[in-house]
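Input: a single structure, listed below in structure tokens.
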Amino acid sequence: MDKPTIPKGTRDFGPAQMAKRQFIFDNIRKVFQKYGFQPLETPAMENLSTLTGKYGEEGDQLLFKVLNSGDYLKDVDSSKLETKNSKLLTSEISEKGLRYDLTVPFARYVVMNRGEITFPFKRYQIQPVWRADRPQKGRYREFYQCDADVVGTDSLICEAEIVLMIKEVFKSLGIKDFTIKINHRAILSGLAELTGSQNESSLFVAVDKLDKIGEGKVKEELRTRGFEGKGIDSVFAILNFKGSTQQKIDFLRSKFSNSEKGKKGIADFEEVLSLLQSYGATEQHVEFDISLARGLSYYTGCIFEVKINNVAIGSVSGGGRYDNLTGVFGLPDVSGVGISFGVDRLYDAMEELSLFPKEAQATSTVMIAHFDDATLRYSLHIANQLRESGIATEVYPDVTKLKKQLDYANKKEIPFVIVIGLDEMKDGMLTLKNMEKGEQEKLILKDIGLKLAVGS
RNA sequence: GUGGAUGUAGUUCAGUUGGUUAGAAUGCUAGAUUGUGAUUCUGGAGGUCGCGGGUUCGAGCCCCGUCAUUCACCCCA
């Protein structure tokens with residue numbers, strides 16, 4: 001029998017990891033709720049027809065597909081089997097797939113429940129998603145996303161509040177050095193117009209790699225994709241412009257005098273900045289990045305991406321506005337905007353930066369050690385009273401040497417141990433040991449309760 | 001889908017031009033300490049060297065295959 005394993009790109013999370021992950025989830029959830037978002041869960045599986053075609057051709061290949069139940073080959077036309085064409089066969093033997101992100105299932109939900117939903121609808125969703133690509137650093141086949149989206153309004157207040165939420169989430173997690181990159185798809189469209197090419201998406205994909213592969217390679221890629229030298233030069237004249245946000249805006253405005261799209265993008269972006277000011281927020285952490293494109297093709301307005309500085313991991317959060325997402329499900333003209341936090345990458349980054357606070361390593365506050373059946377039995381009602389005061393308490397369940405019990409408490413990083421022997425049982429003065437300092441004192445239960453309640 | 005790297009104790013790794021019985025640290029366990037952990041000292045358990053084949057008198061080491069892990073590309077959060 002081989003040792004058991006788990007599938008590539010998946011992970012188990014032990015108690016220590018879970019405590020830290022919960023810390024991240026809890027903080028994100030609190031922020032989402034504070035901004036008026038309500039929870040939603042959707043199934044792990046969606047109909048394949050819901051998922052395919054939403055993420056581009058590459059995305060379709062990364063979908064995990066679920067085989068039909070029962071004898072799934074029985075009714076397949078044998079001539080189709082003979083072709084060995086897996087794409088052709090997929091639709092015959094699989095009609096369900098694991099969700100690839102949370103936005104598309106959300107759009108599906110909105111369309112299905114349009115009658116009951118009050119718009120604007122603000123929902124958050126914290127669930128795993130699956131992608132069948134090859135795992136590497138910061139990339140998993142199963143990972144959690146924390147999404148907050150608003151649909152049914154095109155108010156730029158939503159964009160501004162997304163920026164505020166990002167700031168709050170990072171503040172609560174203790175991450176100080178991060179950058180919120182913002183751009184607007186219409187600005188990119190304006191850029192595309194300058195090249196005179198119709199091939200917008202190729203331009204976006206190439207430009208998005210700018211900070212990763214550099215100007216030379218981006219130009220090379222654009223050339224091989226059929227962009228003209230003059231157009232490329234005009235794009236880079238803009239991309240290479242250095243200056244403050246306001247200077248960038250002014251510069252772009254001069255370039256976009258003939259571009260309706262470009263002008264619209266700039267106006268939106270300026271409005272978001274102005275709204276942030278009205279909230280009393282600063283532009284700290286916010287960067288106008290004209291090269292930011294983001295891959296998902298459904299974005300149409302402002303786009304966001306958050307990077308933690310000085311950590312070699314991809315972006316930990318991203319989002320944007322999409323005007324047409326519900327359109328593919330038959331509900332046009334519903335605009336939405338959303339943000340997604342990648343918990344797994346946040347975890348990796350925070351671990352690398354040693355940012356998890358002590359509280360995130362949740363364990364019992366106190367353990368009760370004892371010597372024999374009588375003291376063990378006596379310790380049970382002590383435990384009960386401590387728990388009634390809201391103190392996380394555990395009793396060492398076996399009668400064994402004190403050394404072993406303390407060893408256990410030490411390994412679990414339980415900060416306090418109450419030692420109960422015959423003496424303690426007689427006079428009610430319990431021995432409270434502080435495991436960190438190694439000190440101990442004798443106290444009555446009530447005082448121990450007070451002390452631990454304050455400490456925890 | 002493409003390319004590189006790595007597979008030796010529970011874990012992290014060492015292992016000489018191929019040479020006899022494969023090591024260390026850490027962890028685990030028992031004791032020094034019959035009411036005190038994380039530090040100290042002593043003992044013990046723990047390995048089909050990923051798997052299959054080949055070369056050789058002899059393979060952890062060389063060759064071929066295979067599987068797994070991992071990094072990068074493509075792509076993407």
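Each chain gets a letter, A, B and so on, in the order the sequences are listed, and its residues count up from 1.
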Pair assignment for RNA chain B - dot-bracket with | for other-strand partners, Watson-Crick or G-U under 3.5 Å: (((((((..((((.....[...)))).(((((.......))))).....(((((..]....))))))))))))....
Nearest-Å distance for atom pair CZ/C1', residues A:F416 and B:rG37: 15 Å
A:K442 NZ to B:rG35 C1', straight-line distance once rounded to whole Å: 10 Å
Result of checking A:V395, A:I448, A:I418 against A:V366 for side-chain contact (heavy atoms from CB on, under 4.5 Å): A:I418
Protein-nucleotide distance (A:N410, atom CG; B:rG37, atom C1'), rounded to Å: 5 Å
5'-most by nearest nucleotide on RNA chain B - A:K8 or A:L62: A:K8
A:F32 and A:Y124 aromatic centres sub-6.0 Å: yes
Polar-atom pairs under 3.5 Å, protein N or O versus N or O of nucleotides 2-5 of chain B: list them with distances, or write none.
from: B:rU2; atom 1: O4; to: A:R134; atom 2: NH1; distance (Å): 2.8

Separation of atom NE2 in A:H370 from atom P in B:rG37, rounded to whole Å: 16 Å
Rounded distance in Å between the P positions of B:rG53 and B:rU11: 25 Å
For RNA chain B, the residues among residues 135-145 of chain A that have a non-hydrogen atom under 4.0 Å from it: A:Q136, A:K137, A:R139, A:Q145
For A:F356, ring-ring contact (aromatic ring centres under 6.0 Å, His included) partners two or more places apart: A:Y347
Under the side chain to side chain donor-acceptor pair (under 3.5 Å) test, residues paired with A:D26 that sit two or more places apart: A:R29
Any residue meeting side chain to side chain donor-acceptor pair (under 3.5 Å) with A:D323, in chain and number order, not counting sequence neighbours: A:T300, A:S335
For atom CG of A:L422 and atom C1' of B:rU34, their distance in whole Å: 14 Å
Sugar-phosphate, base or nothing in reach of A:D344, heavy atoms under 4.0 Å: nothing
P gap between B:rC51 and B:rU8, integer Å: 10 Å
Side-chain H-bond candidate by donor/acceptor type, A:N47 with A:T50, under 3.5 Å: no
Pairwise C1' distance, B:rU26 and B:rA14 [rounded to whole Å]: 14 Å
Rounded distance (Å) that lies between atom P of B:rU39 and atom CE of A:M435: 12 Å
Pair A:E287 + A:K248: basic N to acidic O under 4.0 Å: no
Pairwise P distance for B:rC61 and B:rU20, with rounding to whole Å: 14 Å
Dump every N/O contact between nucleotides 29-31 of chain B and the protein below 3.5 Å, one line per pair.
from: B:rG31; atom 1: OP2; to: A:K401; atom 2: NZ; distance (Å): 2.7

Lys/Arg N to Asp/Glu carboxylate O, A:E159 vs A:R321, below 4.0 Å: yes
Heavy-atom check, side chain of A:M435 versus side chain of A:I414, under 4.5 Å: no
Polar side-chain contact A:Q440-B:rU36 base: donor and acceptor under 3.5 Å: yes
Atom P, compared across B:rA24 and B:rG47: separation rounded to whole Å: 15 Å
Under the side chain to side chain donor-acceptor pair (under 3.5 Å) test, residues paired with A:E168 that sit two or more places apart: A:K34, A:Y35
Euclidean distance for P, B:rC49 against B:rC62 (whole angstrom): 16 Å
Separation of the P atoms in B:rA59 and B:rU55, to the nearest angstrom: 11 Å
Enumerate all atom pairs, one protein N or O and one N or O from nucleotides 44-46 of chain B, separated by less than 3.5 Å.
none

Protein-nucleotide distance (A:L402, atom CG; B:rG35, atom P), rounded to Å: 9 Å
Integer angstrom distance from the P of B:rG3 to that of B:rA45: 48 Å
Nearest-nucleotide comparison on RNA chain B, the residue closer to the 5′ end among A:I420 and A:D133: A:I420
Residues A:E351, A:K20: salt bridge by 4.0 Å N-O rule: yes
Sugar-phosphate only, base, or nothing, as touched by A:E439 at under 4.0 Å among non-hydrogen atoms: nothing
Quiz item: A:E413 side-chain donor-acceptor pair to B:rG37 base, under 3.5 Å: no
Donor-acceptor contact below 3.5 Å, side chain A:R345 vs main chain A:V316: no
Listed partners of A:F13 passing ring-ring contact (aromatic ring centres under 6.0 Å, His included), at least two apart: none
Side-chain H-bond candidate by donor/acceptor type, A:T42 with A:Q125, under 3.5 Å: yes
Ring geometry between A:F170 and A:F178 (parallel below 30°, tilted from 30 to 60°, perpendicular above 60°): parallel
Lys/Arg-Asp/Glu bridge criterion (N-O < 4.0 Å) met for A:R139, A:D344: no
Integer-rounded Å distance: B:rG37 C1' and A:I418 CD1: 16 Å
For residues 147-154 of chain A, run the donor-acceptor check on the side chains, cut-off 3.5 Å, and write out each pair with its distance to 0.1 Å, sequence neighbours left out.
from: A:D147; atom 1: OD1; to: A:S340; atom 2: OG; distance (Å): 2.7
from: A:D147; atom 1: OD2; to: A:T103; atom 2: OG1; distance (Å): 3.3
from: A:D149; atom 1: OD1; to: A:R123; atom 2: NH1; distance (Å): 2.7
from: A:D149; atom 1: OD2; to: A:Y322; atom 2: OH; distance (Å): 2.5
from: A:T153; atom 1: OG1; to: A:S155; atom 2: N; distance (Å): 2.9

Results of ring-ring contact (aromatic ring centres under 6.0 Å, His included) for A:Y140 - residues two or more places apart only: none
